[in-house]
Amino acid sequence: MATSDLKKIQIQREDITFDAYVVGKDDAPGIVVIQEWWGVDFEIKNHALKISQLEPGYKALIPDLYRGKVGLDAAEAKHLMDGLDWQGAVKDIQASVNWLKASGSQKVGVTGYCMGGALTIASSVLVSGIDAGVAFYGVPPPQLADPAETKVPIQAHFGELDNIVGFSDIKAAKALEEKLKASGKPYEVHVYPGVSHAFMNTSPEGVERRKVLGMTDDNEAAADLAWSRFQSWMNRYLSS
């Protein structure tokens, strides 16, 4: 499968329509896949394709939170993320969950990477109709959502060498773990030794981009382990 297998659709929320990309079997459990700060680029599409092919099969949907814009370098991506209406993004995610439920997915999960990881945890608190979440290296700002109030089981993944302080570094991971413990919901927080931020980006272009940003660790084994944990978590909570 190639990223061209993703079908572009329009989703309505209130009086706004936005683009989303969907791939996978119609009646399969749905997973909303939330972009990194780059936008809906090759890497998030790669992730959605992979998710759709995991056993027993999922329907993956990427909402375009940036409305078509993509950051080509870190400065541009930061500018786009800084300009994001986070409350609006949560509404986009709610509309995406509703769309999947209306399109035959009985259960729906949410996952995301970096900015999308933070939004995954925020969604577990603020979005209705979700059955489970898996967040990769991102924690929401406290004014957006308190992870202790999650309504669904959460699994989270972090790199031990991640240096984005307060967002995805080891201290943020430990603080998240305490919050999830307090929630009373099932949770797992995994820290991967020897890897830094965005370690799931293992495509050749993704590895190249990480190198440009000074992340020289290249650890397919960590990504493979995270994928297998992701799969068993989603299978546990999304299989009807």
Same cluster (ILVMFWY, side-chain, under 4.5 Å), [X] and [Y]:
| X | Y | value |
| --- | --- | --- |
| Phe42 | Trp38 | no |
| Trp86 | Leu65 | yes |
| Ile16 | Leu84 | no |
| Leu213 | Met115 | yes |
| Val70 | Leu49 | no |

Check: [Y] main-chain N/O paired with [X] side-chain donor or acceptor under 3.5 Å:
| X | Y | value |
| --- | --- | --- |
| Gln106 | Pro29 | no |
| Lys101 | Gly129 | yes |
| Tyr187 | Glu178 | no |
| Glu76 | Leu72 | yes |

**Item:** Basic-acidic side-chain contact under 4.0 Å: Asp41, Arg209
**Value:** yes
**Prompt:** Can we say Asp73 and Lys78 salt-bridge, meaning some charged N sits less than 4.0 Å from an Asp/Glu carboxylate O?
**Reply:** no
**Message:** According to salt bridge (charged side-chain N to carboxylate O under 4.0 Å, His left out), who are the partners of Asp19, at least two apart in sequence or on a separate chain?
**Reply:** Lys8
Roughly how far apart are [X] [atom1] and [Y] [atom2], rounded to 0.5 Å?
| X | Y | atom1 | atom2 | value |
| --- | --- | --- | --- | --- |
| Cys114 | Ile164 | SG | CD1 | 6.0 Å |
| Ser232 | Tyr237 | OG | OH | 10.0 Å |
| Leu100 | Leu61 | CG | CG | 5.0 Å |
| His47 | Thr111 | NE2 | OG1 | 9.0 Å |
| Ile121 | Leu180 | CD1 | CG | 6.5 Å |
| Lys107 | Ile130 | NZ | CD1 | 14.0 Å |

**Request:** Return the set of residues passing side chain to side chain donor-acceptor pair (under 3.5 Å) with Arg210 (not counting sequence neighbours), or none when no residue passes.
**Result:** Ser196, Asp217
Is there a side-chain contact between [X] and [Y], using heavy atoms and a 4.5 Å cut-off?
| X | Y | result |
| --- | --- | --- |
| Phe158 | Glu160 | no |
| Pro147 | Thr150 | no |
| Val139 | Ser168 | no |
| Val97 | Val32 | yes |
| Val108 | Ile31 | no |
| Met234 | Phe230 | yes |
| Phe199 | Met215 | no |
| Ser183 | Glu149 | no |

**Request:** Return the orientation label for the Phe136 and Tyr113 ring planes: parallel under 30°, perpendicular over 60°, tilted otherwise.
**Result:** parallel
**Request:** Take Ile154 and Val189, measure what side chain to side chain contact (heavy atoms under 4.5 Å, CB included) needs, and give me the verdict at the end.
**Result:** CA-CA 8 Å; Ile154 286 282; Val189 175; over 6 Å; no
Cut-off 3.5 Å, side chains only: do [X] and [Y] have a donor facing an acceptor?
| X | Y | result |
| --- | --- | --- |
| Glu36 | Asn201 | yes |
| Thr17 | Gln10 | no |
| Tyr137 | His157 | no |
| Ser203 | Glu43 | yes |

**Request:** Carefully, step by step, assess Val134 and Thr120 under the rule side chain to side chain contact (heavy atoms under 4.5 Å, CB included).
**Result:** CA-CA 7 Å; Val134 179; Thr120 296; 5.8 Å; no
So which heavy atom on [X] is nearest to which on [Y], and how close?
| X | Y | result |
| --- | --- | --- |
| Pro63 | Gln35 | O-OE1, 3.6 Å |
| Leu126 | Ala145 | CD1-CB, 4.2 Å |
| Ala48 | Leu6 | CB-CD2, 4.3 Å |
| Gly71 | Leu80 | N-CD1, 3.4 Å |
| Ile44 | Gly39 | CG2-O, 4.0 Å |
| Ala222 | Tyr192 | O-CE2, 3.7 Å |

**Request:** Answer yes or no: are there more than 12 heavy-atom neighbours, outside Lys151 itself, under 6.0 Å from its atom NZ?
**Result:** yes
**Item:** cation_pi(Lys7, Tyr21) dist<6.0 Å, angle<=45
**Value:** no
**Request:** I would like to know whether Ser124 and Val110 meet side chain to side chain contact (heavy atoms under 4.5 Å, CB included); could you show each step before the answer?
**Result:** CA-CA 8 Å; Ser124 76; Val110 175; over 6 Å; no
**Prompt:** Run the side chain to side chain contact (heavy atoms under 4.5 Å, CB included) check on Asp224 and Thr202 step by step: do they pass?
**Reply:** CA-CA 10 Å; Asp224 289 346; Thr202 54; over 6 Å; no
**salt bridge (Lys or Arg N to Asp or Glu O under 4.0 Å) between Lys171 and Asp162, intermediate numbers included** = CA-CA 10 Å; Lys171 211 166 149 194; Asp162 195 321; over 6 Å; no
